[in-house]
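Have a look at the structure below, then the notes.
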Amino acid sequence: MPSTNQDQRLPAGFFTRDVETVARGLIGTVLLVDGVGGMIVETEAYDAGDPASHCFRGPTARNASMFGAPGHAYVYRSYGIHWCLNFVCLTASGVLIRALEPTVGLDRMAERRGTAELRRLCAGPGRLCQALGIDDRLDGHALDLPPFELRPAERIARVSAGPRIGVSRGVETPWRFCLDGSRFLSRPAARSAGS
DNA sequence: GAGGCGATTGGCT
DNA sequence: GCCAATCGCCTCG
């Protein structure tokens with residue numbers, strides 16, 4: 001029988017590599033929360049010593065999860081309104097999940113988002129958290145335990161790199177990664193950078 | 001303690 | 001394209 005990624009998991013140690021490698025490697029991975037979600041098509045890397053990172057100025061109550069073990073979630077409130085999901089990697093580095101291609105539980109996501117417009121269900125860090133029902137209850141939660149479920153990419157993804165969105169410092173660092181040609185990005189990809 | 005600014009989004013000019 | 005919403009954290013006094 002041909003195998004699918006239906007019951008596979010990310011390899012142990014996936015999150016204990018440099019954060020840029022993890023951010024790029026997450027493109028094509030399937031993320032589900034309580035069985036609802038889709039394929040990751042856009043990520044950004046942030047590391048310690050990175051002026052754009054919440055960790056740049058050291059630990060606070062908000063970013064405590066980022067200083068914990070790799071392979072856990074860091075969920076923070078953005079602009080006092082939205083939630084944003086990160087995957088914690090080594091030494092206070094992490095990957096912001098910016099967009100999914102919705103594949104599983106479309107009805108549930110549409111209900112939470114208040115729209116059925118597929119293209120915008122999960123196109124943006126705040127939107128995907130709303131669609132998947134993610135809030136601070138999942139801050140610090142292990143990514144290999146329910147309600148999280150992560151499945152490896154089925155194919156090698158073509159990925160482009162470009163500057164991160166919405167940052168005022170570290171603006172040159174090309175640590176935003178997008179699935180080439182995806183219609184589900186939060187914004188168009190930077191012009192043909194990376195591979 | 002006060003004022004300003006976000007790893008954003010949706011609605012309106 | 002511009003702007004408000006809304007709150008935790010930073011800077012400055």
Side-chain angles (χ1 to χ4, degrees), chain A residues 15 18-24 26-27 31 33 38 40-68 70 72-102 109-141 143 159-179 182-190 193-194:
Chain A
F15 295 103
D18 68 279
V19 68
E20 179 183 359
T21 301
V22 176
R24 186 182 283 273
L26 280 169
I27 302 298
L31 165 66
V33 177
I40 297 173
V41 298
E42 182 180 344
T43 62
E44 285 178 358
Y46 292 84
D47 80 355
D50 173 358
S53 170
H54 289 169
C55 296
F56 185 58
R57 296 165 200 284
T60 66
R62 176 177 70 160
N63 66 22
S65 297
M66 282 284 281
F67 291 84
H72 291 248
Y74 164 46
V75 179
Y76 72 91
R77 217 199 237 302
S78 175
Y79 288 87
I81 303 170
H82 310 287
W83 297 105
C84 292
L85 172 67
N86 294 253
F87 294 166
V88 177
C89 298
L90 287 170
T91 53
S93 66
V95 177
L96 172 68
I97 310 302
R98 287 194 56 93
L100 305 182
E101 175 175 336
M109 289 191 270
E111 177 187 342
R112 287 171 175 149
R113 290 272 300 119
T115 173
E117 192 185 355
L118 192 61
R119 274 205 47 179
R120 293 183 204 236
L121 276 190
C122 300
R127 289 171 180 155
L128 80 86
C129 281
Q130 186 179 27
L132 271 57
I134 294 168
D135 61 26
D136 60 342
R137 290 172 300 180
L138 290 177
D139 184 43
H141 200 92
L143 296 172
V159 177
S160 63
R164 294 171 293 187
I165 304 291
V167 298
S168 60
R169 291 180 291 189
V171 293
E172 302 296 323
T173 309
W175 276 1
R176 176 184 181 226
F177 302 98
C178 299
L179 178 64
S182 173
R183 304 161 39 226
F184 301 94
L185 304 175
S186 66
R187 295 192 188 189

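By convention in this document, chain letters (A, B, ...) are assigned in the order of the sequence lines, proteins followed by strands, and residues within each chain are numbered from 1.
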Quick one: side chain to side chain donor-acceptor pair (under 3.5 Å) pairs with a partner in residues 40-56 of chain A, sequence neighbours left out?
A:Glu42-A:Arg98, A:Glu42-A:Arg176, A:Glu42-A:Ser186, A:Glu44-A:Tyr46, A:Asp50-A:Arg164, A:His54-A:Tyr74
Contact boundaries of DNA chain C with chain A (under 4.0 Å, heavy atoms), 5' to 3'?
C:dA5 to C:dT11
Residue pair A:Cys84 / A:Leu96, side-chain heavy-atom distance below 4.5 Å
yes
Determine the interatomic distance between C1' on C:dG8 and the same-named atom on B:dG10; round to the nearest Å.
22 Å
Partner set under salt bridge (charged side-chain N to carboxylate O under 4.0 Å, His left out) for A:Arg183, not counting sequence neighbours:
none
One should report the stems of DNA chain B, each a stretch of at least three consecutive Watson-Crick or G-U pairs at distances under 3.5 Å, as B:1-6 with C:7-12, B:8-12 with C:1-5
Do the side chains of A:Leu118 and A:Pro102 get nearer than 4.5 Å, heavy atoms only?
yes
Sugar-phosphate, base or nothing in reach of A:Ser186, heavy atoms under 4.0 Å
nothing
Counting only heavy atoms not in A:Arg77 (residues, nucleotides, ligands), do more than 12 fall under 6.0 Å from its CZ?
yes
Just verifying a value: how many Å separate A:Arg137 CZ and A:Asp135 CG, rounded to the nearest 0.5 Å?
4.0 Å
Is any side-chain heavy atom of A:Leu85 closer than 4.5 Å to a side-chain heavy atom of A:Leu31?
yes
Testing the basics here: between A:Ala123 and A:Ala99, what is the closest heavy-atom pair and its distance to 0.1 Å?
CA-CB, 4.1 Å
Are any side-chain N or O atoms of A:Ser93 and backbone N or O atoms of A:Leu90, one a donor and one an acceptor, separated by less than 3.5 Å?
yes
From CG (A:Leu26) to CD1 (A:Ile97), nearest 0.5 Å
5.5 Å
Considering only heavy atoms from C-beta outward, does the side chain of A:Arg120 approach that of A:Phe184 to under 4.5 Å?
no
Check side chain to side chain donor-acceptor pair (under 3.5 Å) between A:Glu172 and all other residues, then give those that pass, not counting sequence neighbours.
none
Check for a donor-acceptor pair, side chain of A:Asn63 on one end and backbone N or O of A:Met66 on the other, with a separation under 3.5 Å.
no
Any donor-acceptor N/O pair, A:Asn86 side chain to A:Ala73 backbone, under 3.5 Å
no
With A:Arg187 via salt bridge (charged side-chain N to carboxylate O under 4.0 Å, His left out) - residues at least two apart
none
Can you pull out the residues from residues 118-127 of chain A that lie within a 4.0 Å heavy-atom distance of DNA chain B?
A:Gly124, A:Pro125, A:Gly126, A:Arg127
B:dA7 to C:dG1 separation - C1' atoms, rounded to the nearest Å
22 Å
A:Cys122 side, atom SG; A:Leu128 side, atom CG - distance, nearest 0.5 Å:
6.0 Å
Which residue lies more 5' along DNA chain B, comparing A:Gln130 with A:Ile165 via nearest heavy atoms:
A:Ile165
With the threshold set at under 4.0 Å for non-hydrogen atoms, list the residues of residues 48-63 of chain A touching DNA chain C in residue-number order.
A:Arg57, A:Thr60, A:Ala61, A:Arg62
Identify, with sequence neighbours excluded, every residue that meets side chain to side chain donor-acceptor pair (under 3.5 Å) alongside A:Arg113.
A:Gln130
For DNA chain B, which nucleotides open and close the run of contacts to chain A, 5' to 3', at under 4.0 angstrom from a non-hydrogen atom?
B:dG6 to B:dG10
Under 4.0 Å, heavy atoms only, any strand: does A:Arg113 hit a base, just the sugar-phosphate, or nothing?
sugar-phosphate
Tell me, which of residues 81-102 of chain A have any heavy atom that sits under 4.0 Å from an atom in DNA chain C?
A:Ile81
Could you work out, with side chain to side chain donor-acceptor pair (under 3.5 Å) as the rule, every residue matching A:Glu101, not counting sequence neighbours?
none
